[in-house]
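Take a look at the structure below.
Residue numbers run from 1 in the order of the sequence given.
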Amino acid sequence: MATFASIRQISRQFVKREPLLKFCCFVQNESFFPSPCLDCITFASQRSYSAVSTSLHALCVTSPDFSLLAKQNVLQHHNIFAKWLIARYLSHASIELKTDEDVIRFSFNKSVGRLASTNRKRKMSKKAKVNELRFYRLKAKKKMNSPNPEVRIRYKLEKAKRKEAWLIEKLRKYEVPKAPAEAYDPEILTEEEIHYLKRTGEKKKNYVQVGRRGVFGGVVLNMHLHWKKHETVKVICKPCKLGQVLEYAEELARLSKGIVIDIKPNNTIIFYRGKNYVQPNIMSPADTLSKSKALEKYKYEQSLDHTSEFIEKLEKELEEYLKHKARYHKAKESEPQDFADDNGCNSTLS
């Protein structure tokens, strides 16, 4: 009973924060605990703390009212206290003792310091979010209804540039890395063969349309399906920008391994499958977009084109306004000088 009573007294003293540092000095005597206990020693304070034995040597607090010999004698005779500490506080704990900026800190499986508290994002309530959005809307409305034309133009220009950057970031997601080109022997055609293939390609009615989605996996798949029964296939690009037909012809030739026979003025490309054509197992290439993603990409590209045109228009408008403002200030500055010259002439005449 006396043994357990002494253990309780010691544990009550170690629960307080001040005797915690005293106990650090006490543990510096390595002959006190066996080697497994020295590797991981637990301190008890308002929470359960533990530290590595190497970091304990840095702490040294001396106090006249703390009798080391009395504590050492008690713990040497009763080894139960050390076992109780390990079983009670070290079952599922991994705690470190840090001395940063001359301050002792205990970390419990988390980063301790000022950065840990600052990195946490503060959760906003629904009302706070609504108020913040309302503030930004009122701020934007104030700029839009400003009597100064320069403020209005600059606000529209800033908003359009933000949208342009957002659209460019969105379009990066639809960039597909090109697969390495496979080695194949291009077939050499004579002039008579080219002329014959042109005539047959024009006469035949089989065609593949490249619409607003551009070149995607479905277009190449349809070309291979036409080549199953026909030597040639027409690819009609509609709608198509100026010079975009050449890009489509080059891209389709790379993906389908076909030969471009002719490009018509009405944005029609005639493709020849080749003499030794073998239908591939995967007719839709892996480095192409799907039908839905190609449509999404087209929408973002269209929006980017309109936004770029709008930015050019606003920049031109702002430039004209600044020129007009400079002319107005220049005329206003020259008016008083002209008035003073006129007064001087009148006084000399009189």
Side-chain angles (χ1 to χ4, degrees), residues 15-18 20 42-51 89 91-176 212-213 289-322 324-325:
V15 166
K16 295 181 182 177
R17 194 172 287 273
E18 186 182 354
L20 176 64
T42 307
F43 297 99
S45 70
Q46 292 175 356
R47 299 176 185 174
S48 61
Y49 300 116
S50 70
Y89 295 106
S91 56
H92 302 287
S94 59
I95 306 162
E96 296 179 2
L97 179 67
K98 295 186 178 181
T99 55
D100 298 334
E101 301 175 0
D102 299 330
V103 178
I104 300 166
R105 300 181 189 278
F106 295 93
S107 65
F108 187 79
N109 287 333
K110 290 180 182 178
S111 59
V112 174
R114 294 174 186 174
L115 294 174
S117 58
T118 54
N119 287 340
R120 290 179 185 174
K121 289 186 178 180
R122 191 177 172 186
K123 286 187 178 179
M124 292 176 68
S125 63
K126 191 177 179 181
K127 191 175 180 181
K129 287 178 183 177
V130 170
N131 290 336
E132 190 178 3
L133 289 170
R134 190 178 296 165
F135 167 74
Y136 284 123
R137 284 196 201 101
L138 289 171
K139 197 175 178 182
K141 195 175 180 181
K142 192 177 179 181
K143 286 182 180 178
M144 283 293 292
N145 298 331
S146 174
N148 190 356
E150 188 179 355
V151 175
R152 293 198 302 268
I153 295 167
R154 284 190 186 279
Y155 171 70
K156 288 177 186 176
L157 189 62
E158 185 184 349
K159 193 176 176 182
K161 282 181 178 178
R162 281 203 307 270
K163 187 180 178 182
E164 187 183 31
W166 177 77
L167 287 167
I168 290 166
E169 194 67 31
K170 279 281 184 185
L171 282 168
R172 279 178 190 166
K173 295 178 183 178
Y174 297 96
E175 290 177 2
V176 182
R212 56 181 183 171
R213 291 177 179 85
L289 294 170
S290 63
K291 190 175 182 180
S292 59
K293 287 195 174 181
L295 182 60
E296 288 173 13
K297 186 183 177 183
Y298 164 75
K299 286 178 180 177
Y300 285 127
E301 283 177 346
Q302 195 180 30
S303 181
L304 183 62
D305 291 340
H306 291 315
T307 308
S308 301
E309 289 174 7
F310 186 60
I311 286 168
E312 287 177 9
K313 182 184 172 183
L314 287 171
E315 283 176 349
K316 192 176 179 182
E317 194 176 339
L318 182 64
E319 191 179 349
E320 288 176 359
Y321 174 75
L322 291 173
H324 170 72
K325 192 177 177 182

Inter-residue atom distance [X].[atom1] - [Y].[atom2], 0.5 Å rounding:
{"X": "R213", "Y": "K299", "atom1": "CZ", "atom2": "NZ", "value": "9.0 Å"}
{"X": "K163", "Y": "F310", "atom1": "NZ", "atom2": "CZ", "value": "9.5 Å"}
{"X": "K293", "Y": "Y174", "atom1": "NZ", "atom2": "OH", "value": "7.0 Å"}
{"X": "N148", "Y": "Y321", "atom1": "CG", "atom2": "OH", "value": "4.5 Å"}

Could you give all pairs that pass the salt bridge (charged side-chain N to carboxylate O under 4.0 Å, His left out) test and reach residues 148-159, with sequence neighbours left out?
E150-R154, E150-K325, E158-R162
Between side-chain atoms of residues 125-135 and protein atoms elsewhere (two or more places apart, or another chain), which donor-acceptor pairs fall under 3.5 Å?
from : atom 1 : to   : atom 2 : distance (Å)
S125 : OG     : A128 : N      : 3.3
N131 : ND2    : K127 : O      : 3.2

Salt bridge (charged side-chain N to carboxylate O under 4.0 Å, His left out) against R172, all qualifying residues, sequence neighbours excluded:
E169
Can you pull out every side chain to side chain donor-acceptor pair (under 3.5 Å) where at least one residue sits in residues 306-320? Sequence neighbours excluded, please.
E164-S308
Applying side chain to side chain donor-acceptor pair (under 3.5 Å) to N145 and not counting sequence neighbours gives none
Any residue meeting side chain to side chain donor-acceptor pair (under 3.5 Å) with D305, in chain and number order, not counting sequence neighbours:
K241
Nearest heavy atoms of Y298 and R212, plus distance in Å
CD1-O, 3.0 Å
A160 to I311 - nearest heavy-atom pair and separation
CB-CG1, 3.6 Å
Just checking M144: does its CE atom have more than 12 heavy atoms from other residues, nucleotides or ligands closer to it than 6.0 angstrom?
no
